[in-house]
Q: 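I have a structure I would like to understand better, so I am pasting it below and will then ask my questions one at a time.
Start at 1 with the first residue, then count along the sequence. In this text, all values refer to a predicted model and were calculated from it rather than measured experimentally. No hydrogens, no waters, no symmetry mates; every other heavy atom, side chains included, goes into these values.
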Amino acid sequence: MDIKLNFINRSNDANNSEIVIFQKNQATNYDELHVAWRVIKNCGVYDNHPFTFPMAMEVSAADSFGNHTPRLPATNGDLFHMAKDGSGDVLSRVGPANSSKEVHVRNDLAAGAINAGIFKDGKLLALKTSVAPGQKAVFEIKPTIWIGVASQIEEGKVMASAVISDINTELSLLNVASADIVLTGGGPGPNSQPFTFTLENVRTA
């Protein structure tokens, strides 16, 4: 089920900051870089920005020749593999993963590393690069988003570790059907308050 979210800018920010929203792959090590799933730009004070957070995911892979597979529907517990058939390198679902909480993408090519990605709402959400033959990418995406104020962030691109370390607001969307994400704080001078994101008007699923 899709979650209806509405970002509302009630801050005192006069710098036209960007808002970045991303998820963390829980199956990776702590210092792995994360992808900017959605970037909200030019959302002025008292403006709002509605968007959808779908629970549905898709998976895609790219081989070492620069070929990208179509995106395939994926759910937790799925195992996909990249293998060579008569037409070339192809991604397909091959059965269940050994964890019901994860999506696995295995590189079954004889040679050449692959990159595997998870998509939500048509946008890149998580990426695992340089998966060698015989290895697999593991994705565990919980219903939690991370949100923060940033600048010069490009949607769909990996973010610098310095940016990620500055973002510490985690919002759980478990059992949420719709909600407002309200930004407060900011402002000029010594009276500036820290930026704060809160969920308001939450309707449960």
Q: Show your working on salt bridge (charged side-chain N to carboxylate O under 4.0 Å, His left out) between Asp121 and Lys123 and close with a plain yes or no.
A: CA-CA 5 Å; Asp121 202 27; Lys123 300 172 185 288; 5.8 Å; no

Q: First locate atom CZ of Phe7, then atom CD1 of Ile40, and finally report the distance between them rounded to the nearest 0.5 Å.
A: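 Reported to 0.5 Å precision, the distance equals 5.5 Å.
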
Q: Test side-chain contact (heavy atoms from CB on, under 4.5 Å) on Val105 and Lys136; report intermediate values, then the result.
A: CA-CA 5 Å; Val105 183; Lys136 63 184 177 183; 6.0 Å; no

Q: Has Asp63 got a side-chain atom pairing as donor or acceptor with Asp89's backbone, closer than 3.5 angstrom?
A: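 A pair under 3.5 Å: no.
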
Q: Which residue in the set Asp108, Val94, Val59 passes side-chain contact (heavy atoms from CB on, under 4.5 Å) when paired with Phe80?
A: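 Going through Asp108, Val94, Val59 one by one, the side-chain contact (heavy atoms from CB on, under 4.5 Å) with Phe80 is satisfied by Val59 alone.
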
Q: What's the spacing between Lys4 NZ and Phe51 CZ if we round to 0.5 Å?
A: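 Reported value, rounded in 0.5 Å steps: 11.5 Å.
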
Q: Considering only heavy atoms from C-beta outward, does the side chain of Val35 approach that of Met159 to under 4.5 Å?
A: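 No; the side chains remain at least 4.5 Å from each other.
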
Q: Quick check on the hydrophobic clustering: are Phe119 and Leu91 connected, directly or via other members, by side-chain heavy-atom contacts under 4.5 Å?
A: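 No, Phe119 does not connect to Leu91 through the hydrophobic network.
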
Q: Would you kindly confirm whether Val163 and Trp146 end up in one hydrophobic cluster when ILVMFWY residues are joined by side chain heavy atoms under 4.5 Å apart?
A: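 Linked within one cluster.
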
Q: Closest heavy-atom contact between Gly185 and Ser11?
A: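 Minimum heavy-atom separation between Gly185 and Ser11: O-CB, 3.2 Å.
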
Q: Please find the pair of heavy atoms, one from Gly117 and one from Leu124, that lie closest to each other, and give the distance.
A: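 Here Gly117 and Leu124 meet closest at CA-CD1, 4.1 Å.
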
Q: Quick check for you: to the nearest 0.5 Å, what is the distance between Lys157 atom NZ and Leu127 atom CG?
A: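 Here the interatomic distance stands at 10.0 Å.
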
Q: Report yes if some heavy atom in the side chain of Met55 is under 4.5 Å from a heavy atom in the side chain of Pro143; otherwise report no.
A: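 Yes - at least one pair of side-chain heavy atoms lies under 4.5 Å apart.
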
Q: So, for Ser92 and Leu72, which heavy atoms are closest and what is the spacing to 0.1 Å?
A: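 Distance-wise, the nearest heavy atoms are CA-CD1, 4.1 Å.
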
Q: Leu199 versus Ile181: any side-chain heavy-atom pair under 4.5 Å?
A: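 Yes, at least one pair of side-chain atoms sits under 4.5 Å.
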
Q: Hydrogens and angles aside, do Asp85 and Ser87 bring a side-chain donor and acceptor to less than 3.5 Å of each other?
A: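 Checked: Asp85/Ser87 side chains pair up, N/O donor to acceptor below 3.5 Å.
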
Q: Can you get from Val39 to Ile118 by hopping between Ile, Leu, Val, Met, Phe, Trp and Tyr side chains that sit under 4.5 Å apart?
A: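 No, because Val39 and Ile118 fall into different hydrophobic clusters, even though each may have its own neighbours under 4.5 Å.
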
Q: Kindly say whether Lys101 contributes a backbone atom to a donor-acceptor pair with the side chain of Ser99 at under 3.5 angstrom?
A: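 Answer holds: yes.
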
Q: Ile114, Val138: one ILVMFWY side-chain cluster at the under-4.5 Å cut-off?
A: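 Ile114 and Val138: separate clusters.
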
Q: Side chains of Asn6 and Asn48: do they bring a donor and an acceptor to under 3.5 Å?
A: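 Side chains of Asn6 and Asn48: pair found under 3.5 Å.
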
Q: Of all the heavy-atom pairs spanning Leu109 and Asn107, show the shortest one and how long it is.
A: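 The pair with the smallest heavy-atom distance is N-OD1, 2.9 Å.
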
Q: Could you walk me through whether Phe195 and Asp13 satisfy the side-chain contact (heavy atoms from CB on, under 4.5 Å) test, starting with their C-alpha distance in whole Å, then the side-chain angles of each, then the deciding distance to 0.1 Å, before giving a yes or no?
A: CA-CA 9 Å; Phe195 286 116; Asp13 178 36; 3.7 Å; yes

Q: Do the side chains of Arg10 and Glu200 get close enough for a salt bridge, i.e. N-O under 4.0 angstrom?
A: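 A salt bridge is present here (some side-chain N lies under 4.0 Å from a carboxylate O).
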
Q: Using only atom types and a distance under 3.5 Å, with no angle test, would you say the side chain of Glu18 pairs donor to acceptor with the backbone of Ile153?
A: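 Yes: the side chain of Glu18 pairs with the backbone of Ile153.
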
Q: Evaluate the criterion side-chain contact (heavy atoms from CB on, under 4.5 Å) for residue pair Ile147 and Ile167; output intermediate values, then yes/no.
A: CA-CA 7 Å; Ile147 186 167; Ile167 296 174; 5.8 Å; no

Q: Could you measure the distance from the CG atom of Leu173 to the CG atom of Leu5? Nearest 0.5 Å is fine.
A: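 These two atoms lie 5.5 Å from each other.
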
Q: Would you find a donor on one side and an acceptor on the other, under 3.5 Å apart, between the side chain of Ser192 and the backbone of Gly189?
A: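 Not a single qualifying donor-acceptor pair exists.
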
Q: Can you tell me how far apart CG (Leu125) and CE (Met57) are? Round to the nearest 0.5 Å.
A: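 Separation between the atoms: 8.5 Å.
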
Q: Would a single hydrophobic cluster contain both Phe53 and Val176, if residues Ile, Leu, Val, Met, Phe, Trp and Tyr are joined by side-chain heavy-atom contacts under 4.5 Å?
A: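 Yes, because Val176 and Phe53 connect within a single hydrophobic cluster, where side-chain heavy atoms sit under 4.5 Å apart.
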
Q: Would you kindly say whether Asn201 and Asp180 are connected by a side-chain donor-acceptor distance under 3.5 Å?
A: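 Yes - a donor-acceptor pair under 3.5 Å links their side chains.
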
Q: Do side-chain atoms of Thr196 reach the backbone of Thr184 as a donor and acceptor pair under 3.5 angstrom?
A: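 Answer holds: no.
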
Q: Do Ser178 and Arg203 have a side chain donor and acceptor closer than 3.5 Å?
A: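 Yes, a side-chain donor-acceptor pair sits under 3.5 Å.
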
Q: Quick check: do His104 and Arg106 have side-chain heavy atoms less than 4.5 Å from each other?
A: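 Of all side-chain heavy-atom pairs linking Arg106 with His104, none is under 4.5 Å.
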
Q: Within the distance-only criterion (no hydrogens, no angle test), does the side chain of Gln23 pair as donor or acceptor with the backbone N or O of Lys142 below 3.5 angstrom?
A: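 Checked: pair present.
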
Q: Might you point out which heavy atoms bring Arg71 and Ser60 nearest each other, and give the distance in Å?
A: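 Taking Arg71 first and Ser60 second, the nearest heavy atoms are CG-CB, 3.8 Å.
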
Q: Is Lys120 close enough and on-axis enough to Trp37, meaning under 6.0 Å and within 45°, for cation-pi?
A: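 No, Lys120 does not sit over the ring of Trp37.
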
Q: For the pair Asp78 and Arg93, evaluate salt bridge (charged side-chain N to carboxylate O under 4.0 Å, His left out) and give the outcome as yes or no after the intermediate values.
A: CA-CA 7 Å; Asp78 282 348; Arg93 185 184 182 279; 2.8 Å; yes

Q: Mind listing the closest non-hydrogen atom pair of Phe197 and Thr169 along with its distance?
A: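 Smallest interatomic distance, heavy atoms only, reads CB-CG2, 3.8 Å.
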
Q: Enter the distance from Ile19:CD1 to Leu183:CG here, rounded to the nearest 0.5 Å.
A: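 Ile19 atom CD1 to Leu183 atom CG measures 5.0 Å (nearest 0.5 Å).
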
Q: Once you measure the plane-to-plane angle for Phe22 and His34, does it fall in the parallel (<30°), tilted (30-60°) or perpendicular (>60°) bin?
A: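 Answer is parallel, since the angle falls under 30°.
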
